[in-house]
Amino acid sequence: MSDRLIIFDTTLRDGEQSPGASMNLAEKLEIAHALRELGVDIIEAGFPIASPGDFEAVQAIAQQVEGPTICGLARCNAADIDRAWEALKPAMKPRIHVFLATSAIHREFKLHMAKDEIIRRAVEGVTRARNYLSDVEFSPEDAARTELDFLAEVVEKAIDAGATTVNIPDTVGFAVPEQYAAAIQHLKKNVRGIDKAVISVHCHNDLGLAVANSLAALKEGARQIECTINGLGERAGNCSLEEVVMAVKTRADYYGLESGINTRRIVPTSRLVSRVTGIPVQRNKAIVGQNAFAHEAGIHQDGMLKHAQTYEIMRPEDVGLLRTELVLGKHSGRHALRQKIRDLGYHLDDQQLQQVFEQFKTLADRKKTVYDADIEALAETVLHSGPAIWTLEAVTCNGGSGTVPSAAVVLWHRDGAVHKDAGTGDGPIDAIFKTIERLTGIDLKLKDYSVRSVTADEDAQGEAQIEAEHNGRTLRGRAVSTDIIEASAQAFLQVVNRALLRQQLRMNPQTEAVTAT
Ligand code: KIV
Ligand code: ZN
């Protein structure tokens with residue numbers, strides 16, 4: 001049996017099904033390129049029949065992202081499969097992933113189909129997909145709650161019809177490791193021709209067992225794991241890519257498997273996905289959480305200083321966290337900054353580098369110590385701020401008990417005019433947001449607002465994140481500053497600029513797909 005573990009990333013399909021995680025075309029492309037750099041074997045780019053946006057994204061990824069196999073999801077019906085093929089055609093290595101539920105509860109209440117009907121449709125689906133291409137995956141949805149003998153029968157027929165990968169989803173996160181492993185073992189023993197296909201696992205995390213279940217299945221011969229960055233996905237999410245990959249790497253002694261993942265790209269990819277989706281990573285999340293490599297207890301710190309492996313089973317640099325936290329000072333030059341930005345995994349052009357350099361100098365004047373996280377925050381701001389129609393010139397606000405919260409804001413419009421206004425609100429931040437709305441004429445429905453410190457020092461920069469709705473579309477803004485009031489105003493203004501840009505693009509729709517943020 002092969003000792004190569006195939007990593008199938010479904011951040012752009014199942015991950016996008018996370019509440020609030022929908023992404024636009026440019027964002028999906030950016031993530032797909034990052035997944036290629038990370039070294040995933042397969043990118044499930046979307047569900048082409050689900051919407052024109054999904055179709056376009058799968059097609060664009062198929063056209064532009066070379067290296068990994070590009071996969072599109074389809075139900076077992078002609079329209080879905082034809083549409084998936086249409087989107088995937090440009091890919092060098094396309095895969096169609098067809099699925100059909102098999103559990104008793106889905107058969108009876110969702111599909112109203114008997115077992116023989118399910119088998120007939122599954123075979124038809126796989127056969128139709130195989131007429132288009134040679135790489136076809138079949139998933140019996142809710143497999144983990146399907147009668148084992150029936151599951152074996154469906155899987156066998158799917159392989160007979162030409163499925164090259166058979167995926168065994170725990171769709172509702174119901175399985176526990178021993179039982180899930182036993183199901184894989186049952187298929188290995190009872191499915192004729194099982195060795196002709198790769199066995200894949202796809203676990204949801206409703207009981208917090210997605211990674212444990214996926215790993216248990218490896219011991220029984222599964223060789224493909226379906227997973228997402230940061231464990232994004234329906235409800236409680238999917239198996240987390242970073243956890244499963246690092247478990248297999250760190251415990252190579254136990255699993256004896258190797259993946260093609262460049263683990264040093266794990267943290268940058270996790271941050272990218274978090275920034276794009278606006279879904280923060282919990283601080284104590286394994287591998288990519290802010291605290292994953294932080295040692296607080298004195299005894300641990302002492303042990304670490306004596307020998308890192310006393311309390312550390314992985315090296316932070318192996319997941320892309322640089323150990324050298326302390327970076328540049330105010331006397332550092334452009335050359336050192338360029339090198340640091342490269343080390344952190346960013347590719348900036350000269351103009352972007354110049355912008356970061358200017359912001360870095362201002363920051364170094366305000367802040368005693370500039371950390372890697374500060375530089376990352378500046379690079380991300382420059383990379384993703386987009387063209388500004390309005391720029392913040394000044395902001396002040398007033399709050400506290402016994403006063404009416406108020407704010408004064410000065411904005412520049414790109415035509416050169418300065419606009420000023422002041423107003424009140426439910427709190428000082430609300431007063432700022434309302435004043436900006438009045439000045440720019442853009443009405444936003446705020447859905448989420450958060451502030452966090454980028455580093456742990458007293459003069460840390462604050463990062464403000466905003467999610468707001470404009471004309472039914474969710475837009476996000478993010479900004480950092482040593483002043484959280486300023487960061488909040490900047491993040492809000494970024495959303496305003498995006499809403500205005502979107503309005504302009506709607507008047508000229510040909511350009512929307514490539515430039516909208
Ligand atoms: O969870 C699930 O069953 C799925 C299938 C489409 C594979 O996402
Ligand atoms: Zn799923």
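Below, all heavy atoms of this structure are taken into account, side chains as well, without hydrogens, waters or symmetry copies. Counting starts at 1 for both ligands and their atoms, following the listed order.
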Identity of the N, O or S atom of D14 lying closest to the Zn ion (ligand 2): OD2
Min N/O separation S139 to ligand 1 under 3.5 Å: no
Identified side-chain contact (heavy atoms from CB on, under 4.5 Å) partner of I61 from the options L88, L29, I31, L25: L29
H204: numbered ligand 1 atoms lying under 4.0 Å from its heavy atoms: 1 (O)
Test side chain to side chain donor-acceptor pair (under 3.5 Å) applied to H202 and N213, D14, T171, the passing residue: D14
Polar atom proximity, D14 to ligand 1 (N or O, under 3.5 Å): yes
E16 side chain near E27 side chain, heavy-atom distance below 4.5 Å: no
Ring geometry between W85 and Y132 (parallel below 30°, tilted from 30 to 60°, perpendicular above 60°): parallel
Any N/O pair H202/ligand 1 closer than 3.5 Å: yes
Check: T171 N/O within less than 3.5 Å of ligand 1 N/O: yes
Closest protein heavy atom (residue, atom, distance) for atom 5 (C) of ligand 1: R13 NH2, 4.0 Å
Contacting atoms of ligand 1, where contact means under 4.0 angstrom from a heavy atom of E141: 3 (O)
Close N or O approach (E226, ligand 1; < 3.5 Å): no
SG on C227 to CD on E44, rounded to 0.5 Å: 11.0 Å
cation_pi(R315, F293) dist<6.0 Å, angle<=45: no
Aromatic F138 / basic K157 pairing, under 6.0 angstrom, 45° off normal: no
